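Lettering follows sequence order; numbering is per chain, from 1. The structure displayed is predicted, hence computed values, not measured ones.
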Amino acid sequence: MTQPDEQTTVRVDVDVNGRHHELAVPTSTVLSDLLRDELGLQGVRTSCERAVCGACTVLVDGTPTASCSTFAFDVDGAAVRTVEGLATEGALSPEQQAFAECGGFQCGFCTSGMLVLTKALLDEDPDPSRETIRAWISSNTCRCTGYEMILESVERAAQLRAEQGMGARR
Amino acid sequence: MTADPRRLAPREGHMPERDRPRADARAKVTGQATYTTDVRRAGMLHAKVLRSPHAHARIVSVDASRARALPGVHAVLTRDEAAGLAPVGTFVKDWPVIAGDRVRYLGDTVAAVAAVDERTALAALDLVEVEYEPLPAVTDVGAALAEGAVEVFPEPPLGIVPHYGQGASGALRPLPNVPYEFRFTMGDESAWDECDHVFTDEFRFSRMNHMHLEPFVTVAEATDEAIEVWSAAQSPFPLRRDLATVFGLPENRVRVNVPYLGGGFGAKHGIRAESVAVRLSQLAGGRPVRYCMTTEEVFLTSSQHAAVLRYRTGVKADGTFVARSAEVLLDGGAYSDLSPLVAEKAGYRAAGAYRWRYLDSVARAVTTNTVPASAFRGFGGTQATWAGERQVDLIAERLGMRPYELRLRNMKDLGELYAPGETPIDSDLKEGLRIVAEAIGYADRDRSGNRGMGVAVGIKDGGGVNKPAQARVKVTTRGDVLLQCALTEMGQGGHSAMAALVAEVLGCPRERVRYAPIDTDHSPFDQGTNASSGIAVMGSAVTQAALRARDAVLQFAADQLGGVDPAGLTLEDWTVVDAAGERHPLVPWIMHTFGGTGFEFTGEGFFKATNSDLAPLEAPCIFWEVGWAAAEVEVDPDTGKVTLLQLVVSGDAGRVISELGARGQDEGAAVFGLGQALFEEMRFEDGCLLNGEALLYRVPLAEDIPERFTSITQEQGHAAGPFGAKGLAEGTMLPVAPAIAQAIADAVGAQLTELPMTPARVWAALRAREASEAAGAPAAG
Ligand code: FES
Ligand code: FES
């Protein structure tokens with residue numbers, strides 16, 4: 001019988017929040033576990049672990065991705081961005097500032113995912129309509145806020161980015 | 001003497017902190033906030049649970065020997081290792097740590113394993129052999145109450161009935177499969193004789209899952225002598241008591257630590273993942289054990305109460321309400337848990353916002369072979385409001401009156417008693433209804449194109465039953481403040497609000513106040529974070545603690561100033577201002593008096609409503625939590641699909657402590673109501689949950705929120721909480737489904753009595769309406 005802890009590992013070279021990592025990762029490891037347990041990025045939250053709720057969303061080469069349902073080996077050669085990579089030198093990013101200011105969070109469990117989703121949206125469309133925001137935010141679940149204050153947070157983030165001269169960065 | 005926290009006015013007329021971001025904003029937007037899911041202990045093992053595949057069965061045998069032999073497995077828990085552990089529950093103690101002679105629902109806990117990782121634990125569970133002998137199951141309240149139905153508990157479990165006051169009573173096991181019954185009566189039964197019409201209607205209420213994003217999760221370190229847990233628990237002290245009871249330990253050998261919670265909504269009150277993890281840790285020689293449920297397991301652990309509500313209501317020809325008798329059957333699932341308390345509230349709240357000459361209600365918690373039901377935002381009030389508000393609409397239609405006017409005619413006035421011995425209604429209910437009606441444009445609504453509007457109100461006694469709370473405020477030499485209390489932060493913004501209260505009293509910025517980690521060894525006692533009680537109950541204790549700390553500081557300053565009257569001194573950011581306006585920094589005085597390490601000024605606070613036999617439920621409620629809603633819908637008569645065009649909700653904060661916090665609670669609660677109204681439902685077939693996972697269980701998404709969704713936080717100013725505040729968080733959930741139902745009737749004439757109002761149900765109600773119109777009489781569908 002195979003021992004359950006005997007696992008095949010593969011090499012994964014990945015850039016996470018601007019830092020390069022060369023890792024030997026079991027083939028069964030999912031990205032959320034790699035980020036949380038190996039790299040200590042516990043701001044990545046997991047909930048459904050079925051690619052439904054979006055709590056675990058991270059950006060893989062800029063694309064919002066359910067890290068709970070992505071194998072770690074799939075990010076070999078990619079750049080991953082988590083909520084921990086949003087603030088620069090302690091200064092909140094426009095998305096973070098907007099969610100804080102507009103009350104776009106309550107329990108905070110969906111917030112990491114919502115924030116990187118917002119960043120991806122504004123990178124693609126710096127001045128999105130309400131409808132565009134609604135469509136994007138509908139890919140993630142928030143059980144606490146009732147969404148209106150999240151939608152307002154995204155609008156405020158767009159405004160803050162415009163004020164800071166951040167256009168589309170793709 | 002320290003001032004009464006409940007009669008304070010803020011310095012600037014309103015709380016200076018009220019329009020600021022929450023205190024936990026930075027921790028949560030940077031991802032730094034710590035939840036129980038993030039807790040790691042050295043040598044930590046991981047637990048997984050084997051669950052029953054049967055709704056009801058006798059366990060013939062459990063053989064876990066192969067699981068025990070699997071490398072990496074450190075402990076296996078079966079009924080053999082659970083012998084002697086006490087079952088738990090509120091009033092009725094029937095929920096064991098692990099199934100004994102029988103399993104009572106599909107998902108019941110049969111065995112558990114702690115191993116080096118979750119994969120190994122799961123592999124071990126595959127090796128546990130269980131032989132079942134299936135039993136007939138009762139999977140809804142109708143089946144459970146049927147003549148000759150199988151009894152889920154053939155032997156009556158241990159139970160108690162609390163001491164009720166005027167008009168209220170409880171009974172254990174009045175019927176088979178009914179562990180608890182609550183009855184409430186007020187007024188004069190002869191009132192029935194004055195009724196010109198008596199209407200009897202039946203309403204059905206669906207069961208939701210809380211769907212908090214953070215699952216039930218715990219890390220336990222336990223021996224036979226002591227237990228420590230880190231847990232996603234709403235109510236640390238009740239959890240401590242329960243764990244002490246289950247494991248037969250003194251309460252001072254059980255320590256509960258509670259980090260941030262990723263949502264709760266009622267679900268995280270009571271033992272969830274804890275007892276399994278604790279027992280496994282004991283069996284593993286005290287190694288820490290983490291048990292984090294999957295979403296699928298969360299679905300199999302707790303839910304809202306489905307209900308059948310029969311309301312018999314007598315009115316005068318002019319629409320005056322006279323008498324009501326309500327019979328409520330709540331599906332409590334397989335174990336009682338909090339069902340007796342929910343029955344109490346569902347029965348007690350049957351009067352709704354209206355005046356009655358006689359009211360008689362009986363609410364029964366019914367045991368079925370389904371997922372146990374527990375506390376859920378609204379707590380019996382949502383069920384009562386659905387039936388009560390819906391019946392007002394049906395009566396209005398039968399009397400040829402308008403739903404809005406019929407409500408106003410019968411609605412209680414500000415200051416009127418809900419029941420003899422109760423706290424007077426502390427919101428102007430009519431004013432709130434007018435506000436939401438006006439905001440949505442109800443009076444001039446355009447009903448063309450199958451559109452319509454509805455307005456509704458829900459009220460509930462707020463602040464919990466007879467709930468004590470304690471708090472401690474410590475101020476260091478340099479004026480840094482530590483607030484200790486056990487109000488958990490599950491998203492509601494409670495920690496931020498408590499810090500704001502302290503800052504206001506001490507005259508310092510909120511940033512100087514740190515909310516200490518919650519730990520039952522050090523945090524002052526509290527009965528739990530529930531019943532929208534945070535601001536009014538714990539807030540009162542916290543404010544009193546801050547006032548006492550402040551008074552100690554001012555007394556110290558008065559002594560330093562040669563014995564002046566401390567009443568003439570004020571505290572401003574750790575500087576004392578004397579009667580002449582001269583400013584005295586405190587630090588030099590403190591250093592001079594206490595020496596090198598300085599000192600800490602401490603204030604203790606306590607709050608509890610006074611017990612009264614006149615009050616029906618042990619003590620008068622702390623405040624009335626009210627939610628008003630107005631909805632506009634468009635109905636497709638061919639498909640029954642309802643499109644929500646507008647939703648306006650409003651709650652009364654008394655006085656606002658935090659604008660973002662108040663708004664967030666009202667909107668979040670309203671969207672729970674929206675989900676319940678239109679689509680959210682745990683669907684069972686023969687006791688098997690069909691949609692118990694995130695993909696199949698539909699919760700509201702941003703795209704479900706109507707184009708116009710507005711919340712209006714009223715500050716009516718009648719509340720008795722600190723600085724005039726009272727609780728929010730549940731109120732606006734209550735009226736949303738009734739408002740939408742009324743809007744559907746307004747649009748197309750279909751009267752819905754069952755939730756959720758799916759296209760199929762709306763379509764069927766429309767056909768029923770057409771059939772009855774053809775036959776010449778309106779009917780409920
Ligand atoms: S946890 Fe990954 S989508 Fe829900
Ligand atoms: S803030 Fe709690 S789930 Fe969104």
Side-chain angles (χ1 to χ4, degrees), chain A residues 1 3-5 7 28 36-37 41-53 55 82-84 86-87 90 92-93 95-113 115 130 133-151, chain B residues 21-22 24-35 37-38 70-72 116-117 119-120 123 210-215 260-265 294-295 489-493 659-661 663-672 674 693-695 699-705 709-711:
Chain A
M1 204 182 98
Q3 300 289 321
D5 54 355
Q7 293 173 32
S28 58
R36 283 178 57 81
D37 298 340
L41 299 170
Q42 298 203 329
V44 179
R45 316 282 174 204
T46 60
S47 178
C48 72
E49 302 190 283
R50 293 281 186 275
V52 178
C53 72
T82 72
V83 70
E84 287 91 344
L86 291 183
L92 297 184
S93 74
E95 299 82 10
Q96 292 172 313
Q97 206 181 320
F99 272 67
E101 221 177 85
C102 303
F105 71 92
Q106 286 184 23
C107 78
F109 218 75
C110 72
T111 309
S112 304
L115 284 167
R130 220 340 128 115
I133 297 172
R134 195 186 291 275
W136 275 66
I137 294 300
S138 291
S139 62
N140 284 16
T141 300
C142 173
R143 191 54 155 170
C144 297
T145 60
Y147 298 107
E148 188 70 23
M149 291 164 88
I150 290 184
L151 302 181
Chain B
R22 290 167 47 154
D24 53 356
R26 195 178 173 93
K28 287 180 175 173
V29 301
T30 55
Q32 298 306 308
T34 298
Y35 301 81
T37 46
D38 304 325
L70 188 73
V116 288
D117 55 25
R119 238 158 40 98
T120 309
H210 307 76
M211 199 70 186
H212 37 79
L213 286 197
E214 178 203 33
Y260 281 125
L261 271 71
F265 316 115
T294 62
T295 296
E489 178 54 66
M490 49 189 168
Q492 82 278 34
E659 274 171 20
L660 290 174
R663 190 183 154 198
Q665 287 308 292
D666 276 350
E667 294 185 0
V671 172
F672 264 69
L674 185 162
E693 53 121 324
L695 184 60
V699 294
L701 296 173
E703 65 196 15
D704 296 307
I705 306 309
F709 174 36
T710 315
S711 68

Name the region of [X], side chain, backbone, both or neither, that has any atom closer than 4.5 Å to a heavy atom of chain A.
X	answer
B:Ala33	both
B:Phe709	both
B:Asp704	neither
B:Leu695	both
B:Met490	backbone
B:Thr37	both
B:Arg26	side chain
B:Glu659	neither
B:Val671	side chain

For [X] and [Y], work out which heavy atoms get closest and say how close.
X	Y	result
B:Asp38	A:Gln42	CB-OE1, 2.9 Å
A:Ser112	B:Gly31	OG-CA, 4.2 Å
A:Leu151	B:Ala702	CD2-CB, 4.3 Å
B:Leu261	A:Cys107	O-CB, 3.5 Å
A:Glu148	B:Ile705	OE1-CG2, 4.2 Å

Going from [atom1] on [X] to [atom2] on [Y], what distance comes out if it is rounded to the nearest 0.5 angstrom?
X	Y	atom1	atom2	value
B:Asp24	A:Thr111	CG	OG1	9.5 Å
A:Met149	B:Arg663	CE	CZ	4.5 Å
A:Cys102	B:Leu660	SG	CG	8.0 Å

Self-check item: Among B:Gln665, B:Lys28, B:Gln492, B:Glu667, side chain to side chain donor-acceptor pair (under 3.5 Å) partner for A:Gln106
Solution: B:Gln665

Check whether [X] gets within reach of chain B through its side chain, its backbone, both or neither, counting any heavy atom under 4.5 Å.
X	value
A:Arg45	side chain
A:Glu49	neither
A:Asn140	backbone
A:Tyr147	side chain
A:Leu86	neither
A:Thr141	both
A:Arg36	side chain

Look at [options] and state which one has the largest set of heavy-atom pairs under 4.5 Å with chain B.
options	value
A:Trp136, A:Phe99, A:Phe109	A:Phe109
A:Gly108, A:Ser139, A:Gly43	A:Gly108
A:Val44, A:Leu92, A:Ile133	A:Leu92

Please identify, among [options], the residue contributing the most non-hydrogen atom pairs under 4.5 Å to chain A.
options	result
B:Gly264, B:Gly668, B:Gly263	B:Gly668
B:Thr710, B:Asp666, B:Val699	B:Val699
B:Pro700, B:Ser711, B:Gly661	B:Pro700
B:Tyr35, B:Phe265, B:Phe672, B:Tyr260	B:Tyr35

Quiz item: Does B:Thr295 use its side chain to pair, donor to acceptor, with the backbone of A:Ser47 at less than 3.5 Å?
Solution: yes

Exercise. May I have the step-by-step check of side chain to side chain contact (heavy atoms under 4.5 Å, CB included) for A:Phe105 and B:Arg22, ending in yes or no?
Key: CA-CA 10 Å; A:Phe105 71 92; B:Arg22 290 167 47 154; 3.7 Å; yes

Practice problem: Quick one: do B:His210 and A:Arg143 satisfy side chain to side chain contact (heavy atoms under 4.5 Å, CB included)? Show the steps, please. | Solution: CA-CA 9 Å; B:His210 307 76; A:Arg143 191 54 155 170; 5.8 Å; no

